[in-house]
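So the structure is just underneath, and the comments pick up after that.
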2 protein chains.
Amino acid sequence: MTDAPRAMRGRPRVGSPSLLEEAAFELFLENGYAGTTVEQISTRAGVSRNTFFNYFAAKSDVFWVGLDASIDRMAAVLDAASADTDTDDGVTPIELLRDALLDVADRLGPSDVPWVLTHFELIGSTHEVMASAIGRATRLSNVIERALGDSAPAAVSRSLSFACVAAVIAAMTSWAEAGPDRGSLAAHLERALSPVLAGFTAL
Amino acid sequence: MTDAPRAMRGRPRVGSPSLLEEAAFELFLENGYAGTTVEQISTRAGVSRNTFFNYFAAKSDVFWVGLDASIDRMAAVLDAASADTDTDDGVTPIELLRDALLDVADRLGPSDVPWVLTHFELIGSTHEVMASAIGRATRLSNVIERALGDSAPAAVSRSLSFACVAAVIAAMTSWAEAGPDRGSLAAHLERALSPVLAGFTAL
DNA sequence: CGCTTTATTGGGCTGAGTCTATTTAAAACG
DNA sequence: CGTTTTAAATAGACTCAGCCCAATAAAGCG
């Protein structure tokens with residue numbers, strides 16, 4: 001995960017999300033999540049505590065650097081796709097959605113599994129971690145629901161987007177559990193997503 | 001929501017979940033969620049701050065007194081149903097699941113909507129609230145997955161249970177939004193759940 | 001060299017959540 | 001009726017995430 005290009009003006013950055021991420025994961029391995037303070041993370045990364053909060057709104061946000069980028073990509077892909085289909089061709093919104101999800105998932109290889117999923121026993125179900133996780137789920141859901149637009153009643157769009165998010169979570173879970181030769185996320189997602197989309201296509 | 005019977009031995013309880021719940025909701029209406037401290041809630045309820053934490057593990061748990069009871073009931077219904085079908089009759093696990101969910105949902109009338117859902121703008125997406133919400137979702141998911149047992153591969157069971165939870169959330173959301181004549185949760189849940197179960201039944 | 005921009009930093013503050021120890025109110029017992 | 005047991009309430013202190021604000025450092029620009 002390469003960091004975004006820095007501004008050419010003003011004081012140069014000394015920290016970065018990935019720098020803090022690495023420091024954090026080291027310490028989590030040593031002392032666990034709850035046993036590690038933001039102070040310690042910042043110190044190991046060579047910055048001050050406040051600088052940590054310049055890069056992350058919360059301690060638990062260090063877990064989702066990669067996933068946030070994927071959700072960004074998902075939004076971009078959906079925007080591009082819906083722009084393409086202004087001229088109404090025969091592709092359904094659900095097919096569009098499926099393609100976008102699998103497109104993003106296909107780019108995620110075995111080493112892209114969120115660290116928190118492969119070290120869950122070490123981290124545990126802290127309130128903060130749960131909150132940060134549902135924050136991502138909500139954002140993905142909003143991205144999907146926006147892309148669906150008014151192609152269906154609002155209640156249906158919401159059910160569908162929630163169900164898609166649920167499929168993504170289920171897929172990521174089994175992907176993470178599958179071990180080093182887990183392949184890309186796409187195959188797992190396909191399995192979790194198919195029945196859901198099949199059910200909604202019938203509507 | 002009547003409280004559980006107290007022990008007959010020892011110092012009698014002066015507080016109760018519902019007592020604290022009422023005090024909390026009053027204060028949330030006056031000052032918002034973030035603007036209300038646990039200290040204030042306890043004081044209004046006539047107990048000490050520590051007593052609050054005897055009844056709730058976290059401030060945000062006051063939102064889910066009713067829902068927790070429903071999840072308990074859900075677990076009980078599923079247990080009973082799976083005990084009944086030891087003698088293998090023709091009812092599929094998915095039908096069992098559907099019946100249990102609708103049975104519990106049917107008991108929830110218009111006034112049983114979680115307060116937090118009808119006052120969401122006032123509460124906002126605090127980290128704590130999100131964490132408490134996903135905690136409930138996780139518990140419900142575990143209850144469902146356990147009931148499914150080994151009737152399907154683990155990955156499928158997980159996808160299905162996640163999808164069911166997603167349907168429950170979507171249903172509760174539109175239920176809450178539907179206004180005072182929203183009826184019971186069951187009708188909303190039926191709509192959200194049908195496509196999901198249809199898709200998985202095909203497997 | 002000022003000026004502007006951007007980032008880091010220091011210090012202080014609130015409040016959730018935890019822990020340990022103590023006290024209180026009732027029931028049960030002899 | 002005093003004593004013991006038990007469960008609950010309480011007191012007090014502590015850690016740390018998250019927030020805010022003001023100060024400072026490092027770069028480019030005129």
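The sequence lines fix the lettering, A, B, ..., with proteins before strands; numbering per chain opens at 1. No hydrogens, no waters, no symmetry mates; every other heavy atom, side chains included, goes into these values.
By the 30° and 60° cut-offs, the orientation of the rings of B:F63 relative to B:F25 is parallel.
The phosphate of D:dA17 has neither OP1 nor OP2 within less than 4.0 Å of any side-chain N or O from B:H127.
In this structure, the CD atom of A:Q40 is 13 Å from the P atom of D:dT15, given to the nearest Å. Between A:I41 atom CD1 and D:dA17 atom C1' there is a gap of 11 Å when expressed in whole angstrom units. As a whole-Å value, the separation of A:E128 CD from C:dT18 C1' is 14 Å. Put simply, OH on B:Y33 is 13 Å from P on D:dG18, counting in whole angstrom units. Atom CG in A:D61 sits roughly 10 Å away from atom P in D:dC19 (whole-Å rounding). A:R13 has its CZ atom 17 Å from the P atom of C:dT5, to the nearest Å.
Side chain of A:Y55 to main chain of A:G15: a donor-acceptor pair is present (N/O by atom type, distance under 3.5 Å, no hydrogens or angles). Between the side chain of A:K59 and the backbone N or O of A:V129, no donor-acceptor pair lies under 3.5 Å. Of the possible donor and acceptor atoms, none in the side chain of A:E22 sits under 3.5 Å from a partner among the backbone N and O of A:L19. Remark: side-chain polar atoms of B:T118 are paired, donor with acceptor, to backbone N or O of B:W115 under 3.5 angstrom.
Side-chain atoms of A:K59 lie closest to D:dA17 of the nucleotides D:dA17, C:dG17, D:dA8.
Nearest heavy-atom pair, A:W175 versus A:G109, reported as atom, atom and distance to 0.1 Å: CZ2-O, 3.1 Å.
Nearer the 5' end of DNA chain D, as judged by each residue's closest nucleotide, is the contact made by B:R11, out of B:R11 and A:T37.
For DNA chain D, the residues of residues 50-57 of chain B within the heavy-atom distance limit of 4.0 Å (strictly under) are B:N50, B:T51, B:N54, B:Y55, sorted by number.
Backbone-only engagement by B:T36 is indicated by non-hydrogen atom pairs under 4.0 Å involving sugar-phosphate atoms exclusively.
Enclosure of atom CZ in A:F53 by more than 12 non-hydrogen atoms of other residues, nucleotides or ligands within 6.0 angstrom is indicated.
Residue-to-nucleotide contacts include no donor-acceptor pair under 3.5 Å from the side chain of B:R49 to the base of D:dG12.
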